[in-house]
Amino acid sequence: MLSEKVKDVIRGSYKSIGENLPNFNPRKQQTFLIAEIAKTLAGEYDKSRRIIAVEAGTGTGKSLAYSVSTIPLALMRQKKLVISTATVALQEQLIDKDLPFLKEHGGLDFKYTLAKGRQRYVCRQKLEIVANDNDEPQAGFTFAEKPSDYDIRLIKQLKKSLDEGKWQGDRDSWVDHIPNHIWQLIQSDKHSCLRHLPEHTHCPFHKARETMDAADVVVVNHSLLLSDLDMGGGKILPEPDETYYVIDEAHHLPKVTRDHASAAITLKGSIDWLQKLSESGDRLSKLVKTQSAISPSLKLADDCQDILVSMQKVVQFIESNQQQLFKKPDNKNEDELLHRFEHGIVPQTIKSNAEELYELSKKCLNHTNKLYMLLVEAIKDGEVKNYLAEPLLAEFGFYTQRLENFSALWAMYAKTDSEKAAPLARWLEKTVGKKQDYVISASPIEVGFTLEDNLWSKCAGAVLCSATIVALKSFEHFRRQVGLGQNDGTQYQQVSSPFNYRENATLVIPNTRVEPSHTKFTDELVRLLPDLIKQDEATLVLFSSYWQMEQVAQQLREKHKISLQMQGEQSRQQIIANHKTKRDIGKPSLIFGTQSFSEGLDLPGDYLTHVIITKLPFSVPTSPIEEAHAEYVTAKGGNPFMSITVPEASKKLIQACGRLLRNEKDYGTITLLDRRVVTKRYGSELLDSLPPYKREVKY
């Protein structure tokens with residue numbers, strides 16, 4: 001139950017914020033949200049299931065609402081608060097604006113920090129190796145090709161700045177872009193870390209970790225949250241049972257979880273590094289010079305050899321069956337580059353080898369861990385000099401990381417799918433290039449059970465919120481995606497926006513000649529857009545495909561001499577900056593973008609008065625995971641279009657329309673150029689799920 005003391009702190013904090021925030025107007029939606037979150041986390045609805053899912057419309061002030069309700073409760077109950085987001089923009093808003101304001105003006109004394117994944121930080125040891133790597137290159141720490149003068153200068157500059165304390169060691173704080181091929185050589189990882197040595201206690205990641213341990217509120221991204229949960233929780237972030245979680249931008253959580261649980265390896269590429277792994281084990285054993293290192297070193301070499309034999313069998317099977325695996329279904333001469341195993345069922349030859357490879361890789365991991373710890377002990381005891389051990393330890397960590405992914409992949413191929421659950425998606429890709437190789441991949445289709453087992457059943461409490469998690473007026477689609485049970489005590493609230501949609505915006509559906517599937521639809525867009533663009537001076541046109549966007553842009557520029565900015569030609573930040581500059585001096589501005597411009601784009605007031613949506617945002621199941629999911633739904637007697645595609649399109653359409661009204665004074669028009677919202681049965685469901693804009697249907 002919420003104590004009167006906590007209630008008073010929350011009320012006092014909210015009142016103080018209102019007194020210090022310019023143009024603040026108390027909103028009943030916001031105060032309702034504060035109360036519901038606090039009551040849920042306090043256990044007033046369910047003592048064991050303190051979880052609430054909230055759709056909070058634009059303008060409700062959800063970040064302030066969940067901060068004001070969760071921080072006082074966490075402080076009073078001595079819990080940590082972890083706020084997880086999907087985008088850097090929201091993280092920056094929380095760290096640079098919302099939390100500082102709340103701390104200064106909300107009467108709350110708390111510490112907060114931004115936590116990043118280990119791989120966002122440089123490893124001092126690796127940076128030292130790469131910077132001084134002239135005569136004896138170490139495996140995994142050399143450039144694929146001869147480094148350019150720029151690469152060498154940058155490496156030296158990074159090391160000098162870190163040594164002099166002018167750089168904190170995280171990738172995001174370096175002023176210029178650090179290319180991936182450089183960062184991959186010097187990033188921190190758990191395997192090659194030597195924190196126990198005095199010279200490594202002040203590494204950037206561990207300094208950041210100390211700050212995080214002292215914080216009451218930790219802001220993270222979904223990937224870091226899942227990494228911690230993957231390891232059992234409490235390894236990077238606070239222990240789940242001592243933590244309240246706020247999952248903001250929660251509509252991204254299912255996909256991020258699925259991607260995080262996926263695995264992929266290249267077959268021939270893996271054979272190459274596995275051959276080098278046993279050599280590393282032998283060198284490590286000789287360096288340690290102890291009898292206890294001989295046995296794991298020999299066993300590692302033997303198991304690696306057995307793995308190579310099994311891997312060759314898999315490669316031989318694929319190469320012997322290329323015609324069946326990669327032939328186009330219409331029997332054209334050209335091959336497909338991808339083969340998905342239907343219903344996740346793989347040939348018995350691959351499954352048998354997968355079982356063996358999984359068991360062998362587990363043994364190899366056991367041997368590498370033993371050797372790793374023997375070398376660590378030898379360093380601590382002074383039996384091996386640091387300068388000799390560190391390169392080999394980092395190299396060994398590099399291979400161990402690869403071995404973990406290797407083992408995870410074969411575990412998914414060795415697994416026999418349950419009839420009660422969705423099968424895994426499994427597929428094979430043929431690479432294009434001089435050296436022919438095969439990428440073998442696997443991914444879960446549904447991930448709700450993972451979130452239930454690792455988070456919902458363990459946490460002290462959780463708030464899942466977004467402006468778009470309801471699909472077709474129901475939480476059901478989202479509930480299934482994230483593994484929340486029916487009638488399990490989880491609370492659901494849909495909080496409407498305070499905006500006057502009917503007065504401030506008009507949804508126009510013109511009478512188009514053809515549907516988007518028609519071959520003439522691109523021509524139809526070229527015909528309609530010039531007149532539509534002239535109606536407003538700040539326009540965003542959203543497309544469902546890059547190809548169509550580029551075709552339309554080219555014709556409008558050439559035939560109609562229309563000036564526009566197009567996604568892909570410049571960075572998003574530059575496009576927005578140019579757009580605002582034009583509008584600030586009263587010039588018209590036109591932006592062309594795809595799905596990524598439908599979310600997170602904030603252009604209030606006169607910066608955006610017309611949003612044109614060329615096509616309903618249906619996702620065609622083209623990825624192996626999406627195809628496998630549709631196949632699974634069909635096998636159960638369902639309709640994947642109505643149960644997956646339409647609900648997802650509903651959320652994306654709401655997000656796209658949501659670009660127009662960003663605050664209570666915004667105004668303008670949304671034009672939807674897809675006649676299917678009028679002609680198809682599902683169209684009325686999609687329209688009725690939108691905010692109550694004034695409608696003009698010209699049919």
Ignoring hydrogens, what is the shortest heavy-atom contact between [X] and [Y]? Give both atom names and the distance.
X      : Y      : value
Thr266 : Ser270 : O-OG, 2.6 Å
Val220 : Leu224 : CG1-CD2, 3.9 Å
Ala263 : Leu409 : O-CD2, 3.5 Å
Ile575 : Gln570 : CD1-O, 3.8 Å
Pro617 : Gln595 : CB-OE1, 4.0 Å
Trp456 : Gly483 : CD1-O, 4.0 Å

query = Can Lys652 and Glu648 be said to form a salt bridge (Lys or Arg N to Asp or Glu O under 4.0 Å), step by step?
reply = CA-CA 6 Å; Lys652 290 176 182 176; Glu648 285 298 316; 5.2 Å; no

Any salt bridge linking [X] with [Y]? Criterion: basic side-chain nitrogen under 4.0 Å from a carboxylate oxygen.
X      : Y      : value
Arg676 : Glu515 : no
Lys363 : Glu359 : no
Arg283 : Glu395 : yes
Lys362 : Asp303 : no
Glu279 : Lys276 : no
Lys268 : Asp272 : no

Residue Gln275 excluded, over 12 heavy atoms near CD under 6.0 Å = yes

query = Does atom NZ of Lys255 have more than 12 heavy-atom neighbours, drawn from other residues, nucleotides or ligands, at distances under 6.0 Å?
reply = no

With distance as the sole test, does [X] use its side chain to make a donor-acceptor pair with the main-chain N or O of [Y] at under 3.5 Å?
X      : Y      : result
Ser474 : Val470 : no
His518 : Lys520 : yes
Lys615 : Pro516 : no
Glu249 : Thr87  : yes
Ser297 : Ser285 : no
Gln436 : Thr431 : yes
Arg675 : Arg513 : yes
Tyr372 : His367 : no
Asn405 : Ala264 : yes
Gln567 : Phe592 : no

If you measure from [atom1] on [X] to [atom2] on [Y], what distance do you get to the nearest 0.5 Å?
X      : Y      : atom1 : atom2 : result
Leu185 : Ile155 : CG    : CD1   : 7.0 Å
Leu360 : Glu355 : CG    : CD    : 12.0 Å
Leu403 : Thr400 : CG    : OG1   : 6.5 Å
Arg340 : Glu342 : CZ    : CD    : 6.0 Å
Tyr682 : Leu616 : OH    : CG    : 6.5 Å
Ser598 : Phe543 : OG    : CZ    : 11.5 Å

With a 4.5 Å limit on heavy-atom distance, are the side chains of [X] and [Y] in contact?
X      : Y      : value
Arg171 : Tyr121 : no
Ser407 : Glu404 : no
Leu542 : Thr594 : no
Val541 : Thr614 : yes
Leu428 : Ile318 : yes
Ile307 : Cys364 : yes
Phe521 : Gln548 : yes
Met311 : Trp410 : yes

inquiry  = For residues 305-318, which residue pairs pass the salt bridge (charged side-chain N to carboxylate O under 4.0 Å, His left out) check, not counting sequence neighbours?
reply    = none

ask   = Residues in salt bridge (charged side-chain N to carboxylate O under 4.0 Å, His left out) with Arg426, at least two apart?
value =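 Expected list: Asp417.
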
task = Please determine which of Glu558, Arg557, Lys559 meets the side-chain hydrogen bond (donor to acceptor under 3.5 Å, both in side chains) test together with Gln555.
result =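 Only match with Gln555 under side-chain hydrogen bond (donor to acceptor under 3.5 Å, both in side chains): Lys559.
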
query = Does the side-chain contact (heavy atoms from CB on, under 4.5 Å) test come out yes or no for Leu424 and Lys415, once each step is laid out?
reply = CA-CA 9 Å; Leu424 293 169; Lys415 179 184 177 186; 4.2 Å; yes

note = Tested for side chain to side chain contact (heavy atoms under 4.5 Å, CB included) against Thr257, the lone hit among Leu455, Leu229, Asp230, Leu226 is Leu226

Could you tell me whether the side chains of [X] and [Y] share a donor-acceptor contact shorter than 3.5 Å?
X      : Y      : value
Gln655 : His251 : yes
Tyr546 : Gln551 : no
His339 : Gln322 : no
Ser227 : Lys235 : no

request  = Determine, stepwise, if the pair Ile271 / Gln312 fulfils side-chain contact (heavy atoms from CB on, under 4.5 Å).
outcome  = CA-CA 8 Å; Ile271 289 172; Gln312 290 290 0; 3.9 Å; yes

query = Centres of the Phe406 and Tyr358 rings: under 6.0 Å?
reply = no

task = Could you go through the side-chain contact (heavy atoms from CB on, under 4.5 Å) check for Ile440 and Trp427 one step at a time?
result = CA-CA 6 Å; Ile440 187 164; Trp427 68 98; over 6 Å; no

request  = Not counting sequence neighbours, which residues clear side-chain contact (heavy atoms from CB on, under 4.5 Å) with Arg402? List them please.
outcome  =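 Only Trp273, Phe398 meet the side-chain contact (heavy atoms from CB on, under 4.5 Å) criterion with Arg402.
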
query = Does NZ or CZ of Lys430 fall inside the cone over Phe326's six-membered ring, less than 6.0 Å from its centre and within 45° of the axis?
reply =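 That pair qualifies as a cation-pi contact.
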
request  = Answer yes or no for Arg659 and Phe597: cation-pi contact, defined as NZ/CZ to six-membered ring centre under 6.0 Å and angle to ring axis within 45°.
outcome  = no

